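All heavy atoms count here, side chains included; hydrogens, waters and symmetry mates do not. Bear in mind that the values here come from a model prediction, so they are computed numbers and not experimental data. Chain A is the first sequence line, chain B the second, and so forth, proteins listed ahead of strands; every chain is numbered from 1.
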Amino acid sequence: IPMYYMKITAYAEELLSELDKLPGWPEQVRLMQKNWIGKSTGVRFAFPFELDGKAEKLWVFTTRADTIMGVTFCAVAAEHPLATRAAENNPELAAFIEECKKGGVAEADLATMEKKGMPTGIFVEHPLTGEKVEVWVGNYVLMGYGEGAVMAVPAHDERDFAFAKKYGLAIKQVIAAEGQEFSLDGWQEWYGDKTRGSCVNSGKYDGLAYDAAVDAIAADLAAKGLGEKKVQFRLRDWGISRQRYWGCPIPIIHCPTCGDVPVPDEQLPVVLPENVEITGAGSPLARMPEFYETTCPQCGGKAKRETDTMDTFVESSWYFLRYACTDNATAMVDERVAYWCKGGIDQYIGGIEHAILHLLYSRFFTKLMRDVGLIGDLGEPFANLLTQGMVVAPTFYRELDGGKKQWINPADVDVVTDERGRPTGATLRADGQPVVIGGTEKMSKSKNNGVDPQALIDQYGADTARLFIMFASPPDQSLEWSDAGVEGAFRFLRRLWKTVYDHVQAGLVAACTGNNALSSAQADLRRKLHQTLGKVADDYGRRKQFNTAIAAVMELLNAYDKCDLADAAGRALAQEVLESAVLMLFPIVPHIGQALYDELKPGQDAGKQAFPKADPAALVQSEIELVVQVNGKHRGSIRVAADADKAAIEAAALASEGAVKFMEGKPAKKVVVVPGRLVNIVA
RNA sequence: GCCGAGGUGGCGGAAUCGGUAGACGCAGCGGAUUCAAAAUCCGCCGCCGCAAGGUGUAAGGGUUCGAGUCCCUUCCUCGGCACCA
């Protein structure tokens, strides 16, 4: 049981509400955190009772106070104090409680677990009606949430319903919905739907819908001093004690006379010993008197240093702030954090598996450090978050005697494909004998499907390996590893290299800066260049989708190859295109990028250049192509002046070959013109 | 069970705001070059069809001039959560 906690629940409300102020975070992660924090609004109230001659109260929490008149019993968790007391003179109940505490912790069992319970023999009083209500111990009640006890309304809670049916407890309908018949035969969805229906069999509350009923009942409970509205969070406090070596020591000294005393500032940090013996059983620190024997900072007497260490999530919750002040040997962080991390880290990248723990702890720590004055007004650590997908790879195996599978690394396998390229079989390269093709799964040691990128780097170079990985899929998607595509990345870089070399061979020229001297085809290429510049900047900066950025540069190079650039204007344009292409790819292929840039601009450093900007003037077109559709089907295209009005476009479209053919002489019912895109003629 | 993301050619994927589905690349096919091969270059490449054309984004329905994209129903895959009162 952990002894030290971080009071993360104190920040539950802020951690939840500020999720809405993180536009740079994936929606999915924000939602997962929202569900994890789990805010629910309800009523906390008490059932009074008398036990051993003393007046007491059984507190419960409910989001369905409107069904309070339907309570037919109460249920408490096995760990609840009332259960413990009831078990004192009831061995059968004690045995049941023991059974509950033992089993049912395994997550998979919980969903299918049968509802079980046992009466305590204790009766409490309904706070509004004064009726006697029996208290049961139920294995479906959690001690760690709310009060560890619930009011049971079998008619309107699915779990209570199942429980009541099993043990023959009363079921009292107190909510009715129009057009719906309540029956004890089986659970129906609408019984528990608070958005439908209103109170019945509930005395003065009859006819009230959910909100009004909850308000009225909460007010009545409050008037009796037995309850009030309450916000409840699912989030628990963070137990940070670990009985292990790896972690920051908890700086507390236990003194028999002074109690738990913090290690004084001047003795910090408490440093882990290095001569440890790691046995795998318990913390090595607890077996090292030279570590834990110390004196009390207050009274100077013999004392024991804490041997628990902190959860390693503690340090990972603020390490990134430390980058702003790594040379400070006397403090955790200093005022430089407020400057460098203002508004949050610009871009944080991590696996989606950190969505809840690390990313929530970090947000908590940032708020905590802000509130103790360490980092100015920085309240959220990460302005933009990118969660990357997993890398998966095909698996191969052979069935050994006894059905055990021997997993074979993809690197040792040759895959045979049919004439369409579909895999039909695979053989082990070492012996040429067949192996079974398994599924495609996350790379793991157990499936032996990990691929070391070093082999690619050795064969093709780091730039090719990087280009291939970036081109294969967007970073937030999982990537299926197959080195088939590497050839394509390699070919592209070789082609770029040759293109630059051929251009430079003919002599150096200055890059084109305007469209004046260009032929129409050259102007088209220059427009393509500046469109590409805009797209790549957007893909890198906003969309974080590098595969399409690379594809756009490939398209640009394809267009370059098709364009006649032999004249002087063409040479200047070639220079502009190639300089830009190299700079666009430079973040992904820095080695080749620098080598080529040095060819194009001798002595210049590609990494020090500004990212080239799209020139709006290069994007202007005098004539544009529009698609012609008839009844939404693509039937041809027309070329019109870029500034053509709607009437002229309609006329041109109606006169086009495709329109004439498919209209078959009928008049158009309607013509839809989508500016810059298409014309749809409705027959 | 609940929440979330997704399902597009032989494959990875593109289509950013409802507007030409399949960009870009891999694999494949045909050709050029070569003594031959590698490399390179040119062309083809969803499916049916000789073609005209039809059809096609998991399945079915709907909204719309127009749907991969929006709505409803169903199926499947992946990820997260797990009786949260």
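Pairing for rG28(B) is with rC44(B), a Watson-Crick or G-U wobble pair whose two hydrogen-bonding atom distances lie under 3.5 Å. In a base pair of the Watson-Crick type (N1 to N3 plus N6-O4 or O6-N4) or a G-U wobble (N1-O2 and O6-N3), with each distance short of 3.5 Å, rC35(B) is matched with no nucleotide. When both distances must be under 3.5 Å, the Watson-Crick or G-U wobble mate of rU77(B) is rA5(B). Across all strands shown, rC65(B) pairs with rG19(B); the Watson-Crick or G-U wobble distances both stay below 3.5 Å.
Residue R542(A) is classed as a base contact, given a heavy-atom separation below 4.0 Å to a base.
Each of L31(A) and A472(A) lies near RNA chain B, and the nucleotide nearest L31(A) is the one positioned closer to the 5' end. When each of E147(A) and G485(A) is assigned the nucleotide of RNA chain B with its nearest heavy atom, G485(A) is the one assigned upstream, toward the 5' end.
Comparing the C1' positions of rA82(B) and rU63(B) gives an interatomic distance of 38 Å, to the nearest angstrom.
No donor-acceptor contact under 3.5 Å links the side chain of K669(A) to the base of rC65(B). Between the side chain of R491(A) and the base of rU40(B) there is no donor-acceptor pair of N/O atoms closer than 3.5 Å. You won't find any donor-acceptor pair under 3.5 Å spanning the side chain of K498(A) and the base of rU40(B), going by distance alone.
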Check nucleotides 19-24 of chain B against the protein and report each pair of N or O atoms closer than 3.5 Å, with its distance, or say if there are none.
residue: rA23(B); atom: O2'; partner: E555(A); partner atom: OE2; Å: 2.9

Can you check nucleotides 50-53 of chain B for protein contacts, nitrogen or oxygen pairs under 3.5 Å, and list what you find?
residue: rA52(B); atom: O3'; partner: K661(A); partner atom: NZ; Å: 3.1
residue: rG53(B); atom: OP1; partner: K661(A); partner atom: NZ; Å: 2.5

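Ring geometry for F163(A) versus Y140(A): interplanar angle of 30 to 60°, hence tilted.
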